[in-house]
Every structure is written in C-alpha cells, then in structure tokens.
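What you see below is based on every heavy atom in this structure, not just the backbone, and it leaves out hydrogens, waters and symmetry mates. Given the structure is predicted, the values throughout are model-derived calculations rather than measurements. Sequential numbering from 1 along the given sequence is applied to the chain's residues.
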Amino acid sequence: MKKSVYLPHELIIQILLRLPVKSLVRFKCVCKLWFSLISDSCFANSHFELTAATHDRRIMLISTLFHESRSIDFETSLNHFSTSPSLDFLRPHSQSNFHIEMKSSCRGFILLYCSWNFSTSSISLWNPSTGVHKHIPSIVSNLDPDDIFYLYGFGYDESTDDYLVVSMSCDSSSVFLNISSRLNIFSLRANTWKEIEYTGLLNYSQFHYMDDSGYDHGVGFLCNGALHWLASRDDLNVYVIFAFDLVERELLEMSFPDDFDHDFDQEPTDCDLWVFGEFLSLWAMEERTLVNIWIMKEYGVHSSWTKTLVLSIVAIPTRYFYPICYTRNGEIIGTDGGTGLVKYDDKGQLLEHRSYSNDPEGSQVAVYIESLLSLPSNNEQA
C-alpha cells in the first residue's frame with residue numbers, strides 16, 4: 001500500500017518561496033491552489049524579498065546587433081547561462097533594423113530603450129523572468145529632438161508602492177551638455193508623466209555620456225533610494241555626483257573622493273558609478289592598465305570615501321574593465337568593453353574571462369533579480 005505524504009500548507013509555501021521563478025511559473029499548472037498561491041501579490045512580494053536578501057541576482061546580456069538575450073547565474077559560474085524570453089515585442093512594425101539599450105533595472109524589471117530611423121524611440125519595462133512587459137508613452141516636449149540628449153533612471157518609491165521612470169534632458173547642441181531645469185517623472189501607478197521644475201539642475205552639465213566601449217553613462221544608478229549621475233559644476237570647476245531622491249523628490253550633491261586625481265580640463269571618460277556591497281561606489285581607469293575603486297562607506301558623508309581596490313587589467317585583451325556587480329563572496333564581475341565578462345576575487349586577482357557573442361558591436365549588460373512581481377497597472381502584456 002502506497003501512502004500519500006501530507007505536507008502542511010505553511011510548509012508548502014516556504015518550499016515554493018525558495019524556488020526559482022521559472023519553476024514557479026510552470027508549477028502554476030499543478031493545481032488550482034498552487035495557481036492561486038503563486039499568482040498572489042503577497043506571495044510575489046515575499047518571494048522577491050527572500051531572493052533579494054540572499055543576493056541571488058543574474059546578469060542579462062543582449063547582443064547589440066542580433067538582439068539575442070542570455071541570462072547568467074554568476075554566483076555559480078560565468079559559463080552557467082540560459083536563454084530568456086523573446087524581445088520581439090520591441091520590434092517596430094515593418095522595421096528590421098533597430099537598436100536596444102538596457103538603461104537600468106529595479107525589482108526584477110529592466111528599463112529598455114529602443115530606437116530606429118535615427119529619430120524615433122520608445123521606452124519599455126520588461127520582466128525577463130516572466131516575459132511580462134509594458135510600453136511607456138513618450139514624453140511630450142516642445143524642444144527640438146535633434147538637440148536633446150536624455151538622462152534616464154528607473155526606481156521604486158516604497159512609500160507609495162510605485163515604480164518611477166525619471167528623465168532629464170540636456171541640450172546636445174551645447175558644448176557642455178547643459179541639463180534642463182525640468183525633470184520628468186513617469187508614475188506607473190498613475191500611468192502618466194509629470195514635469196517638475198528644479199532650478200538647481202541648471203548648475204550641472206553632463207560631462208560624458210558614451211565611453212569608448214559604447215556604454216551609456218546617461219543612466220542613473222539606484223542606491224539608497226536615490227538615482228545618481230556623474231556631472232560637472234562648471235561654475236566651480238569640479239566634478240560631482242548629483243542625485244535625485246525618489247521618495248522626497250529632492251536633489252542631492254556629493255563630491256568625488258579627495259584622492260580622485262584628474263584635471264578638470266580633461267573629461268574623465270573612463271569612470272562611472274556602481275553599487276559595490278550595497279555601497280555607492282566609483283571606479284576610474286588609469287592609463288588602460290589599472291582600475292581604481294572607491295566606496296562611500298557612509299552614504300552622503302564625504303569623509304567616508306575609501307579606496308578599496310586597485311585592479312590590474314593588463315591581462316585583459318581589450319585593456320578595459322567596467323565593474324557591474326559583485327558576488328556573495330565579494331568577487332567583482334565586469335565587462336571587458338565588448339562581448340566578454342571578467343571576474344576578479346576580493347583581493348584583485350583575475351579569476352575568469354569569458355566571451356559570449358560574436359556580435360561585432362558588442363553586448364548590452366544589466367544586473368537584475370528574478371521576480372514574480374507585477375507593475376501597478378492593469379495593462380501589462382506577456
């Protein structure tokens with residue numbers, strides 16, 4: 001006689017919470033009870049919080065020319081990857097040639113920027129774990145699109161349970177890419193853009209937005225509930241980090257580390273921000289041989305800037321390293337500026353270098369967390 005094994009409902013929930021998203025999506029077909037449980041927003045939130053707490057993140061690679069996507073579990077190995085849902089929903093009607101950029105990610109969603117015909121573009125949010133996506137309506141602007149360069153950011157306002165897309169415009173006809181005084185925020189909950197005027201934005205200019213490898217530095221890095229960009233204060237002849245607090249809707253400014261050595265007359269194109277060990281971090285390349293990494297140990301406190309690592313990049317064929325994430329063991333993973341990923345240990349020793357594509361134009365890279373979460377709107381598409 002075979003005996004069926006009884007598991008309490010609470011234990012089943014705890015087991016399911018620890019499974020990957022793709023398995024959970026399949027398990028919706030097991031029975032009506034599991035379908036209802038896995039589809040519940042409270043379950044999705046609990047699953048995301050547990051995944052985020054254990055730092056289970058993945059790297060998304062999209063080839064620039066072929067639009068092929070790969071998801072990599074970098075905690076295991078840089079060679080452990082899987083394919084992701086199709087990006088055909090981005091393909092414009094009757095258009096075969098178009099360009100995709102991954103601007104940023106938040107809570108399992110990736111902000112995608114698609115452009116074609118040199119003058120037409122669209123913004124979409126995409127959950128690569130479930131395939132759910134949503135198109136964001138274009139910003140209505142009276143400015144000449146040929147004279148505008150946009151800074152973007154994407155984040156979450158916990159106080160209102162709302163996802164926000166932030167956009168600022170720069171005058172690309174200006175030598176200094178002066179930032180407009182108007183900042184636009186798209187609320188997913190309200191499903192509309194709102195324009196806010198901050199005269200303080202006029203103090204800043206975006207000193208670079210595309211490095212030698214083609215990476216877009218107009219993307220705001222999300223840390224401590226704020227989006228951060230690199231900029232210059234031409235009135236003070238200094239480089240700064242300026243931030244936009246998503247909850248308080250306030251502008252913040254932070255100085256570079258004191259030992260960041262660079263002449264203001266020469267734009268530091270090989271440096272950027274990232275998040276290292278939950279800390280706001282700055283990296284800068286030195287003569288294509290070294291990468292210096294600083295972290296801000298206490299957010300917003302200038303004296304807490306500390307140089308933590310100096311990485312030698314002479315063994316990388318491209319002589320380029322762009323840090324993008326870290327593992328639970330403190331290893332640093334970045335791109336080589338082309339089609340490859342590189343891993344260093346926490347002491348700065350090169351561990352691994354792998355190439356993922358034959359695309360001559362390289363790949364777009366983003367770090368994300370697997371998520372069952374939905375956007376606060378009723379017009380998502382799968």
| message | So which atom in Arg288 and which in Arg319 form the shortest heavy-atom distance, rounded to 0.1 Å? | response | CD-O, 3.1 Å
| said: Just by distance, no angles: are the side chains of Ser167 and Asn184 close enough, under 3.5 Å, to form a donor-acceptor pair? | reply: no
| task | Kindly indicate whether a cation-pi arrangement holds for Arg57 with Tyr326, taking the cut-offs as under 6.0 Å to the six-membered ring centre and within 45° of the axis. | result | yes
| field | Pair Asp235 + Arg233: basic N to acidic O under 4.0 Å | value | yes
| task | Looking only at non-hydrogen atoms, find the nearest pair between Leu202 and Ile179 and report the distance. | result | CD2-O, 3.6 Å
| said: Checking Asn224 now: which residues fulfil side chain to side chain contact (heavy atoms under 4.5 Å, CB included) with it, not counting sequence neighbours? | reply: Tyr299
| request: Classify the side-chain pair Ser371/Ser129 by whether it contains a donor and acceptor separated by less than 3.5 Å. | output: no
| message | Show the nearest heavy-atom pair for residues Leu282 and Pro257, with the distance to one decimal. | response | CD2-CD, 3.5 Å
| query | Is there a side chain to side chain contact (heavy atoms under 4.5 Å, CB included) between Leu230 and Cys271 once you walk through the steps? | reply | CA-CA 9 Å; Leu230 296 181; Cys271 72; 4.1 Å; yes
| field | Sequence neighbours excluded - side chain to side chain donor-acceptor pair (under 3.5 Å) pairs with any residue from residues 304-315 | value | none
| message | Can a donor-acceptor pair be found, under 3.5 Å and without considering hydrogens, that links the side chain of Asp345 to the backbone of Leu351? | response | no
| remark: Of Val132, Asn45, Thr130, the one forming a side chain to side chain contact (heavy atoms under 4.5 Å, CB included) with Leu373 is Asn45
| task | Ignoring hydrogens and angles, state whether a donor on the side chain of Asn127 or Lys134 is under 3.5 Å from an acceptor on the partner side chain. | result | no
| said: Can you confirm whether more than 12 heavy atoms, excluding those of Lys194, are under 6.0 Å from its NZ atom? | reply: no
| said: Around atom CD of Glu158, are there more than 12 heavy atoms from other residues, nucleotides or ligands closer than 6.0 Å? | reply: no
| Distance-only, no hydrogens or angles: does the Asp40 side chain make a donor-acceptor pair with backbone N or O of Cys42 under 3.5 Å? | yes
| said: Strictly distance-based, threshold 3.5 Å: is any side-chain N or O of Arg70 a donor or acceptor partner for the main-chain N or O of Leu61? | reply: no
| Between Leu24 and Phe43, is any pair of side-chain heavy atoms under 4.5 Å apart? | yes
| message | Please find the pair of heavy atoms, one from Ser205 and one from Asn178, that lie closest to each other, and give the distance. | response | CB-OD1, 3.7 Å
| field | Ion pair check, Asp56 and Arg328, cut-off under 4.0 Å | value | yes
| said: Donor-acceptor check, side chain of Ser36 to backbone of Lys32, threshold 3.5 angstrom: yes or no? | reply: no
| task | Measure the spacing between CZ of Phe321 and CE of Met285 and express it to the nearest 0.5 Å. | result | 9.5 Å
| field | Under 3.5 Å: donor-acceptor pair, side chain of His228, backbone of Phe221 | value | yes
| query | Do the side-chain N and O atoms of Arg107 and Tyr163 include a donor-acceptor pair separated by under 3.5 angstrom? | reply | yes
| said: Less than 6.0 angstrom from the centroid, inside 45 degrees of the normal: does Lys103 satisfy that with respect to the ring of Tyr152? | reply: no
Counting only pairs under 3.5 Å, give me each side-chain donor-acceptor contact of residues 7-18, with atom names and distances, residues two or more places apart or in other chains.
unit_1	atom_1	unit_2	atom_2	d
Gln14	OE1	Arg18	NH1	3.0
Arg18	NH1	Gln14	O	2.8

| request: Decide whether Asp336 and His353 meet the rule of one side-chain donor and one side-chain acceptor closer than 3.5 Å. | output: yes
| Any donor-acceptor pair under 3.5 Å linking the side chain of Ser281 with the backbone of Trp294? | yes
| Short question: side chain of Glu352, backbone of Lys343 - any donor-acceptor pair under 3.5 Å? | no
| Ring centres of Phe109 and Trp126 under 6.0 Å apart? | no
| task | Using modelled atom types only, decide if a donor and an acceptor are shared between the side chain of Ser23 and the backbone of Leu19 within a distance under 3.5 Å. | result | no
| said: For Gly300, is there any backbone N or O sitting under 3.5 Å from a side-chain donor or acceptor partner on His302? | reply: no
| said: On a heavy-atom basis, which atom in Phe154 and which in Leu222 lie closest, and how many Å separate them? | reply: O-CD2, 4.1 Å
| message | Between Arg189 and Asp157 (salt bridge meaning N to carboxylate O under 4.0 Å), is one present in this structure? | response | no
